[in-house]
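The figures here come from the full heavy-atom set of this structure, side chains too, leaving out hydrogens, waters and symmetry mates.
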Amino acid sequence: MQLGQVNPQRLSSVTQQLCQEFGQPNHGLDPFSIRRLESGGLIRFGARGVDFTAFELQSEERIRWQVQRSRRTLARLCREPLPILAYPDERPSPRVQQVVQRCGVQAALAADGGWLTHRSNRLALPRIAIAQPIAHSPGRLFDYLLGKL
């Protein structure tokens, strides 16, 4: 989430350079890992967009492209991709929510943390970011989530 505050062009440039230097694909997980994690049954994937650029800064056409391309890519990689989207924005505006909805997204997660309630907007649902060290240990995850109550 801290990376979302970095200049998107700078972040993209550094990412590309590091991926080339280490011979890695230019995304967080390679296709093999995505398929392996999904087939394990514990993890399912939903769309996020193609890059780290906040949707608020983009035209409607560019947002549509980001959402549609991300969903198409997931459909090729996953047997059962989730019909949801995780915004790169903390609080997506009504304009962004409408564009995403027109792309066929049923529900979307905003980067603004919190708990789900019956009043939650299905196109800007709260989420709690959980880092790998916490997610790796069920005990630490429980303690972390308990502390968020």
Side-chain angles (χ1 to χ4, degrees), residues 1-20 24-31 33-35 37-38 40-136 140-149:
M1 293 182 72
Q2 291 174 340
L3 290 176
Q5 300 170 5
V6 176
N7 178 309
Q9 288 80 20
R10 174 77 175 129
L11 185 60
S12 179
S13 172
V14 169
T15 301
Q16 288 176 3
Q17 182 179 358
L18 288 172
C19 288
Q20 288 174 354
Q24 296 294 314
N26 192 7
H27 45 75
L29 291 172
D30 61 272
S33 295
I34 291 172
R35 288 182 181 117
L37 288 167
E38 184 194 34
L42 184 59
I43 296 175
R44 290 183 59 200
F45 294 91
R48 185 181 191 285
V50 177
D51 59 31
F52 292 102
T53 307
F55 286 176
E56 289 297 335
L57 306 173
Q58 299 180 41
S59 68
E60 290 186 20
E61 180 181 327
R62 180 70 179 173
I63 296 169
R64 277 193 306 275
W65 178 83
Q66 291 258 6
V67 172
Q68 291 168 347
R69 180 160 179 207
S70 180
R71 293 181 80 198
R72 279 193 310 270
T73 300
L74 276 177
R76 285 192 311 269
L77 295 174
C78 300
R79 284 181 293 200
E80 297 181 55
L82 294 171
I84 63 170
L85 173 92
Y87 292 107
D89 309 87
E90 284 190 26
R91 292 182 186 94
S93 69
R95 175 188 78 91
V96 169
Q97 291 177 40
Q98 289 172 356
V99 173
V100 166
Q101 185 177 33
R102 286 193 299 266
C103 290
V105 173
Q106 299 172 12
L109 303 169
D112 199 16
W115 293 101
L116 187 63
T117 69
H118 67 282
R119 294 184 186 141
S120 295
N121 174 358
R122 66 182 178 85
L123 292 172
L125 296 170
R127 72 177 176 209
I128 298 172
I130 299 173
Q132 176 62 31
I134 293 171
H136 186 63
R140 287 182 70 190
L141 178 59
F142 177 77
D143 290 344
Y144 178 79
L145 293 174
L146 190 61
K148 295 285 184 180
L149 288 176

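- Using a distance-only test at 3.5 Å, with no hydrogens or angles considered, a donor-acceptor pair links the side chain of Arg44 to the main chain of Glu80.
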Stepwise side chain to side chain contact (heavy atoms under 4.5 Å, CB included) test for Glu56 and Arg91: CA-CA 9 Å; Glu56 289 297 335; Arg91 292 182 186 94; over 6 Å; no

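- To the nearest 0.5 Å, the span separating CD1 on Ile84 from CG on Leu123 amounts to 12.0 Å.
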Side chain to side chain contact (heavy atoms under 4.5 Å, CB included) between Leu77 and Glu38, intermediate numbers included: CA-CA 9 Å; Leu77 295 174; Glu38 184 194 34; over 6 Å; no

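- Nearest heavy-atom pair across Gly49 and Leu85 is N-CD1, 4.4 Å.
- When atom types are taken as modelled, the side chain of Ser70 and the backbone of Gln66 share no donor-acceptor pair closer than 3.5 angstrom.
- How far CD1 of Ile63 is from CZ of Phe55: 6.5 Å, rounded to the nearest 0.5 Å.
- Taking 4.5 Å as the limit, some side-chain heavy atom of Ile34 sits within range of a side-chain heavy atom of Cys78.
- Atom-to-atom distance recorded for Ser93:OG and Tyr87:OH is 8.5 Å, nearest 0.5 angstrom.
- Atom SG of residue Cys103 and atom CD of residue Glu60 lie 10.0 Å apart, to the nearest 0.5 angstrom.
- A distance of 10.5 Å separates CZ in Arg71 from CG in Leu82, rounded to the nearest 0.5 Å.
- Contact detail for Ser120 and Pro126: the closest heavy-atom pair is OG-CD, 3.9 Å.
- To the nearest 0.5 Å, the span separating CG on Leu109 from CG on Asp89 amounts to 12.5 Å.
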From CA spacing to verdict: side chain to side chain contact (heavy atoms under 4.5 Å, CB included), Asn121, Gln97: CA-CA 10 Å; Asn121 174 358; Gln97 291 177 40; 2.7 Å; yes

